[in-house]
Structures are given as C-alpha cells and as structure tokens.
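Atoms within each ligand, like the ligands themselves, are counted from 1 in listed order. Throughout, residue positions are numbered sequentially from 1 according to the sequence presented.
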Amino acid sequence: MEKLLSIVREFLPSLPDAQVRPLGNGLINTTYVVEVNGEPKYVLQSINTAIFPDVDGLQGNIEAVTSHLRKKLEAAGETDIDRKVLHFLPLGEKEGAKTYYTDPADGKVWRLMKFIPGSVTLSEVTPETALQAGEAFGRFQSDLADINKQLVEIIPGFHDMEFRLRQLADAIKADPKGRAAGVADILAEIDKYAGTMTEADRLRREGKMPVRVCHCDTKVNNMLYDAATGDVLCVIDLDTVMPSMVFSDYGDFLRTAACSTPEDEPDTDKIAFRNEIFEAFTRGYLSSAKSFLTKEEKDWLPLAVALFPYMQAVRFLTDWINGDTYYKIAYPEHNLVRTKAQMRLFEKVMEQMPELKKFVASLD
Ligand code: GN1
Ligand code: MG
C-alpha cells in the first residue's frame, strides 16, 4: 500500500494522503484505484511487460490515440472531454514527460490515468446499450481513420487467425504438460473450421481486405457508460489499439455482449447467443461505420461474430496446452473451461449464420 502510494507520487509528487485499492478484472495487467478523501481520482496500473515488452511503443500508441480523440472532441465543441477520453499523467507533473514509470527496485512498469467519475461498466447489455456501443465503436474507428501517426503493431499478429493456429500447432508439438491428448475432440472441431476462419487473412494478404486502426479488445467491460444518463462515455483499455481488420471490434464485442453468460461459464448448456443484442449492436455499428466500410468488410461482419469466439477458444486452448503462461487464471482448469465456453458460443453462432447474414445484408 505504502509502496503503491510511492509509485503514484512519481507521477504526482504533491498528492496529499491517498488510498490505493484493487480495481477491475483484466486478464493481463493489474489495476488499482487511487482515492483521495474517499473519492476515486486516479487509476494506477502495472503493465504486464511479458506481453507488452515495448512500453515506449505501447504508450506512444496510446498517447497518439488519446490526443487525436481529444482534438476531435474539442473541434466538436464537447464540454465534458475529460470523461470522454482517457488521460494519462506524465511523470513529476511535467508536461511532455514519459507517461510510465519503471521501478528500479524490481523493473515493474507503472502508469497513472485520471479516474472517470460517474461512470459504470455493464456486466449485461440491453438492446439499447448495445445500440449505443455499436455507434460508439463505429465512431471510434471513424475518428481514428485520419490519425497521422503510424501506430506500432504492439502485439504482432494479434488478431491474425492463421498465426493463432500456428501458435496452437506449436503448443501441441511442445506439449509441455502432456495436455494435448486430453483435448483431441476440441482440436478436431477447431481443425474442421480452420479454412473458413482464416478466409479473411487470405483476403487481407491479397489486398482485398483493408487494415485500419482498431481497438482490438472491445470486450463489453472496456466501454464506460454514464451512471446517471446511461449514455456511452468513453472507450477504455487502449493497449491493443493497432492496425487490424475492422471486424475485430465488431466481432469481439459481440463475443462477450451477445453471450448469455460470462466468457468462462463452466455449464455450457447455459450458453446462448442473444440475437436481439446482435441486431441492435449491428444497427448501431453500421450507422457510424457505413461511411467508410467497403463491401468486403461489411460482407464479412457475420463471419466475424463466429471468428472471435473461435479465435478466443484457440488462444485459451493454446495457453492451456502451454501450461497457463499467458492469461491470469483463478483455478487450475480455468483456461480449459474458457476454451469449452468459447467453442460452445462459436457453435451457437454458426448454427445461426444464415440468419445473421440475412440480417446484415438487410441493412444499408
Ligand atoms: C485479454 O486483459 P484483458 O481482459 O484486457 C486479452 C484479450 C482477450 C481477453 C479475453 C493483450 O484482455 O485479447 O480477448 O483477455 N488481451 C491481450 O478475456 O491478450
Ligand atoms: Mg485488454
């Protein structure tokens, strides 16, 4: 606690007494809220440098994105800017200083951002909030379409399905815990759909599918809503903002938002795909993204709804076979349970694919 406070003071030397408490449930970084006089004021985060070794590149991307969004909000005459875009603090309260601190004692890397007051994340969305989220993510992509800085591909191949399947094949080959044989049935299922699920990667290589700045982690809890009005405030967790195919943000949101359970539901019979959320989110997304979407991008949206649970299953299963080295786990079989839940969601989406395609095609 004292230690965490001393890190906060690297950013804010004049900060009065404060309390630091754990916040959120990310699978990669560790997050705390800093309270002053009982009021949440800042968010302190330790960056997982095993996953983000290029911290300069990471914070460079984030600063480019937040300042670009800030300028757009200013130009639009927005008055509540500090609640609509993240704000990272420079070291020592000095403008232009680095926005991260490396602790010489243990090499851990930290950053501090302003807490957004009066905001909530949703554990369950309704058609209304899904519509707003769709508009907001479409706007996020269109606002970033004219960013003039070339963003670093902070995790190379992040949403590249061919690459994720190669990582799974490597894990099976190494099989350090002898877990591959026990998941043969899941591997066979994954194999069956590999051709369809890597189609977009082929289109991209052939130059038929554009690459744009995307958020790349549009889980439902990475969107803040105004606690009082219910409106979308701000897109958070900008670590993975990088060039990708647009449907990343569309498909990954529905993976969590249109699923009737959390992503690690152990009872797969409870897992259903919520069609009303899919329809509302799609309407919202297309309303703000149609200005820039190409025909190929729009046509691929329904398959992206299946791609993201499939990709997440492949990633969780790879981590299971590798011996749980990537994602934080809460119990030993967690990655296997997550894999099975994502595969079930994938199957549910595939069952409805003709209807999903029909619905997307019906909107212009
Ligand atoms: C990770 O840590 P968090 O929850 O922001 C992961 C995402 C996955 C997600 C699955 C850098 O995100 O890609 O979709 O877990 N982020 C990284 O819950 O790998
Ligand atoms: Mg994340």
Determine whether any heavy atom of [X] lies closer than 4.0 Å to an atom of ligand 1.
X	answer
Lys328	no
Asp217	yes
Lys219	yes

Please identify which atoms of ligand 1 are closer than 4.0 Å to at least one heavy atom of [X].
X	value
Tyr327	15 (O)
Phe52	11 (C)
Tyr326	11 (C), 17 (C), 19 (O)
Gly26	2 (O), 4 (O)

Only counting residues at least two apart or in another chain, list the ones meeting ring pair (Phe, Tyr, Trp, His ring centres under 6.0 Å) with Phe11.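 Partners of Phe11 by the ring pair (Phe, Tyr, Trp, His ring centres under 6.0 Å) criterion come out as none, since no residue qualifies.
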
In sequence, state the C-alpha distance, the side-chain angles, and the governing distance for Arg179 and Asp324, and then conclude on salt bridge (charged side-chain N to carboxylate O under 4.0 Å, His left out). CA-CA 11 Å; Arg179 289 175 174 175; Asp324 311 306; 3.1 Å; yes

Applying side chain to side chain donor-acceptor pair (under 3.5 Å), which residue pairs with at least one partner in residues 193-216 are found, sequence neighbours left out?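 Of all non-adjacent pairs touching residues 193-216, those that pass side chain to side chain donor-acceptor pair (under 3.5 Å) are Asp160-Arg204, Glu162-Arg205, Thr198-Arg202, Glu199-Trp300, Asp201-Arg204, Glu206-Lys208, Arg212-Glu297.
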
Can an N or O of [X] be found at a distance shorter than 3.5 Å from an N or O of ligand 1?
X	result
Asn222	no
Asp237	yes
Gln312	yes
Leu27	yes
Asn29	no

Do side-chain atoms of Asn335 reach the backbone of Asp319 as a donor and acceptor pair under 3.5 angstrom?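 Not a single qualifying donor-acceptor pair exists.
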
Within 45° of the ring axis of Phe316 and under 6.0 Å from its six-membered ring centre, is that where the NZ or CZ of Arg338 lies?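 Yes, Arg338 lies over the aromatic ring of Phe316.
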
Side chain or backbone of Ile28 under 4.0 Å from ligand 1, or both, or neither, by non-hydrogen atoms?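 Within the 4.0 Å criterion, Ile28 contacts ligand 1 through backbone and side-chain atoms alike.
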
Applying a 4.0 Å heavy-atom criterion (strictly less than), which segment of Arg255 is in contact with ligand 1: side chain, backbone, both, or neither?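 Near ligand 1, Arg255 shows its side chain, while the N, CA, C and O stay back.
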
Classify the angle between the aromatic ring planes of Tyr285 and Phe281 as parallel (below 30°), tilted (30 to 60°) or perpendicular (above 60°).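 Ring orientation, 0 to 90° scale: parallel.
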
Could you tell me how the ring of Tyr250 sits relative to the ring of Phe278: parallel (under 30°), tilted (30 to 60°) or perpendicular (over 60°)?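 Taking Phe278 first and then Tyr250, their aromatic rings stand perpendicular (interplane angle over 60°).
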
Could you check Asp364 against Lys290 for salt bridge (charged side-chain N to carboxylate O under 4.0 Å, His left out), going step by step and ending with a plain yes or no? CA-CA 8 Å; Asp364 50 40; Lys290 68 174 177 215; 5.1 Å; no

CG (Asn37) with more than 12 external heavy atoms under 6.0 Å: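 No - once you tally the heavy atoms of other residues, nucleotides and ligands closer than 6.0 Å, there are 12 at most.
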
